[in-house]
Number of protein chains: 2
Amino acid sequence: MIQKLSEHDREKLQESLAHSGQKVTAQREIVFAVLLAKRDHPTVEDVFQRARESMPGLSLATVYNCLETFVGCGLVRQVNHERESTRYCPNLAPHAHFRDEATGHVHDIELPPEIIQSLRSILPPGFNSETIEISFHGRSQESAPRSTSN
Amino acid sequence: MIQKLSEHDREKLQESLAHSGQKVTAQREIVFAVLLAKRDHPTVEDVFQRARESMPGLSLATVYNCLETFVGCGLVRQVNHERESTRYCPNLAPHAHFRDEATGHVHDIELPPEIIQSLRSILPPGFNSETIEISFHGRSQESAPRSTSN
DNA sequence: GAATGAGTTGGAATGATTCCAACTTGCAAG
DNA sequence: CTTGCAAGTTGGAATCATTCCAACTCATTC
């Protein structure tokens with residue numbers, strides 16, 4: 001069961017939505033809360049399942065709508081990997097993604113500003129980029145058994 | 001109509017396929033030739049249309065099969081952008097992609113090795129990345145009218 | 001020249017996403 | 001109030017890229 005939004009998060013939601021002429025609804029609150037509660041880059045289906053625990057009547061279409069709305073007003077980012085289901089991420093700081101091919105998990109990798117700068121600098125003249133997406137693909141030790149010595 | 005493969009390209013095809021125990025077929029030759037002929041990151045459907053001009057009986061399933069085979073033996077790369085159709089790219093040098101949101105075109109951006117190095121260096125310990133994908137998203141001046149003064 | 005196996009084929013199946021028309025809700029104007 | 005509107009929600013149908021599958025082709029080997 002998902003916790004209600006903190007006052008702070010509700011305000012963020014309210015402001016971002018208002019900014020593009022939209023309203024806070026019960027469904028949007030829950031979907032947003034689900035995203036904040038477990039930042040494991042859930043798919044639409046994941047969000048749907050989790051949100052339904054708090055609101056059994058919620059429909060899948062609404063989850064799609066809410067997520068699209070959030071992306072539109074800059075509250076969350078989409079994360080695509082190959083042709084798999086789209087995942088969603090409420091981390092707004094500039095970051096890359098690391099996709100563990102063993103587990104399928106996605107991890108955020110912080111992106112230092114100088115890297116972003118140097119990436120921009122490799123664009124030939126005449127190319128203006130608004131967004132840069134970086135994704136690593138490999139294996140991490142997350143699922144490997146931890147050394148038992150500590 | 002697609003030109004036949006050069007001797008050099010046919011050899012590359014033959015070797016890469018042989019390397020993973022597969023054979024050169026007429027269909028694979030044509031599909032490969034299509035990729036080399038126009039490096040505009042075609043979709044499967046694009047490749048299908050172009051290849052059919054030379055081989056009208058070719059089936060879409062075969063184009064999917066050929067492209068998958070090529071990816072498997074390292075002859076071409078897949079390029080995904082959001083949830084659009086997968087595109088294919090025979091440029092094997094390390095490069096990023098720039099996606100022009102006005103035209104939908106994809107451009108290759110050369111990636112200097114030191115950038116790749118510095119990107120690898122931001123991964124926390126325990127993360128081993130085999131591949132890094134970088135895609136820019138914005139507008140280029142490709143379709144803007146050139147200055148008429150030169 | 002029959003058997004084998006890789007490759008090809010067309011059509012059916014899948015699965016994520018989008019579309020749509022009906023329904024609900026909150027609110028503002030009469 | 002209560003009527004009407006606009007925004008949001010809903011479930012189911014439609015879409016579309018991709019995958020699956022079983023039948024077929026073809027070159028090779030015994």
Side-chain angles (χ1 to χ4, degrees), chain A residues 10 13-14 16-34 41-52 54-73 75-88 104 106, chain B residues 13-14 16-34 41-52 54-73 75-89 104 106:
Chain A
R10 224 200 85 95
L13 177 62
Q14 139 74 29
S16 298
L17 285 171
H19 206 264
S20 47
Q22 289 166 303
K23 300 173 199 164
V24 175
T25 65
Q27 287 88 340
R28 286 174 181 169
E29 281 191 17
I30 288 183
V31 169
F32 192 48
V34 164
H41 305 86
T43 62
V44 175
E45 199 62 38
D46 294 333
V47 174
F48 181 50
Q49 301 299 343
R50 295 176 199 174
R52 248 172 185 261
S54 309
M55 184 185 267
L58 182 67
S59 94
L60 183 59
T62 300
V63 176
Y64 272 100
N65 290 340
C66 290
L67 291 170
E68 194 194 324
T69 301
F70 295 164
V71 170
C73 66
L75 270 173
V76 310
R77 274 175 59 182
Q78 279 184 327
V79 184
N80 287 292
H81 185 265
E82 319 241 301
R83 306 217 91 251
E84 288 170 13
S85 306
T86 301
R87 294 169 176 278
Y88 293 84
V106 176
Chain B
L13 177 62
Q14 139 73 28
S16 298
L17 286 171
H19 206 264
S20 47
Q22 288 165 304
K23 300 175 199 163
V24 174
T25 66
Q27 288 87 339
R28 286 173 181 169
E29 281 191 17
I30 288 183
V31 169
F32 192 49
V34 164
H41 306 87
T43 62
V44 175
E45 198 63 37
D46 293 333
V47 174
F48 181 50
Q49 300 298 343
R50 294 176 199 174
R52 249 174 183 258
S54 309
M55 185 185 266
L58 182 68
S59 94
L60 182 58
T62 300
V63 177
Y64 273 98
N65 290 340
C66 291
L67 291 171
E68 193 194 325
T69 301
F70 294 165
V71 171
C73 65
L75 270 172
V76 309
R77 274 176 59 183
Q78 280 184 325
V79 184
N80 288 293
H81 185 265
E82 319 241 302
R83 305 218 91 248
E84 288 170 14
S85 306
T86 301
R87 294 172 175 277
Y88 292 84
C89 168
V106 177

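Quick note on labels: first sequence line is chain A, next is B, and so on, each numbered from 1. Just so it is clear, the values below take in all heavy atoms, side chains as well, and ignore hydrogens, waters and symmetry mates.
Listed by residue number, the members of residues 19-29 of chain B with any heavy atom below 4.0 angstrom from DNA chain C are Q22(B), K23(B), T25(B), Q27(B), R28(B). Only at 4.0 angstrom or more do the heavy atoms of residues 75-83 of chain B sit from any atom of DNA chain D, so none qualifies. Within residues 56-65 of chain A, the residues having any heavy atom closer than 4.0 Å to DNA chain D are, in order of number, G57(A), L58(A), S59(A), A61(A), T62(A), N65(A).
Residues meeting the side-chain contact (heavy atoms from CB on, under 4.5 Å) test with Q14(B), sequence neighbours left out: A18(B), V24(B). Residues satisfying the side-chain hydrogen bond (donor to acceptor under 3.5 Å, both in side chains) criterion with T25(B), sequence neighbours excluded, are absent altogether. Residues that satisfy the salt bridge (charged side-chain N to carboxylate O under 4.0 Å, His left out) test with R28(A), not counting sequence neighbours, are absent from this structure. Take R10(A) and apply the salt bridge (charged side-chain N to carboxylate O under 4.0 Å, His left out) test, not counting sequence neighbours, and it matches E29(A). With sequence neighbours excluded, no residue forms a salt bridge (charged side-chain N to carboxylate O under 4.0 Å, His left out) with R77(A). Q78(A) is linked by a side-chain hydrogen bond (donor to acceptor under 3.5 Å, both in side chains) to Y88(A), counting only residues two or more places apart in sequence or in another chain. When the salt bridge (charged side-chain N to carboxylate O under 4.0 Å, His left out) test is applied to E82(A), no partner is found at least two apart in sequence or on another chain. Listed by chain and number, the residues in a ring-ring contact (aromatic ring centres under 6.0 Å, His included) with Y64(A) amount to none (sequence neighbours excluded).
Q22(B) and T69(B) make their closest contact through OE1-CG2, 3.6 Å (heavy atoms, listed as atom of the first residue, atom of the second, distance).
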(request) Would you sort out whether D46(A) and T43(A) count as a side chain to side chain donor-acceptor pair (under 3.5 Å), showing the intermediate values? (result) CA-CA 5 Å; D46(A) 294 333; T43(A) 62; 3.1 Å; yes

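In this entry the distance linking CD of E84(A) with C1' of dA17(D) reads 15 Å, nearest Å. Atoms CD (Q49(B)) and P (dA17(D)) sit 12 Å apart, rounded to a whole Å. Separating the CG atom of L17(A) from the C1' atom of dA7(D) is a distance of 12 Å, rounded to the nearest angstrom.
Rounded to the nearest 0.5 Å, atoms CG (L75(B)) and OG (S20(B)) are 8.5 Å apart.
You'll find the side chain of E45(A) reaches within 4.5 Å of the side chain of L60(A), heavy atoms only.
Although no hydrogens or angles enter the test, the distance criterion places a donor-acceptor pair under 3.5 Å between the side chain of R83(B) and the main chain of E84(A).
You can see that DNA chain C meets the heavy atoms of chain A within a 4.0 Å-exclusive cut from dA16(C) to dT18(C), reading 5' to 3'.
No engagement by T43(A) is indicated, since no non-hydrogen atom pair under 4.0 Å with the nucleic acid exists.
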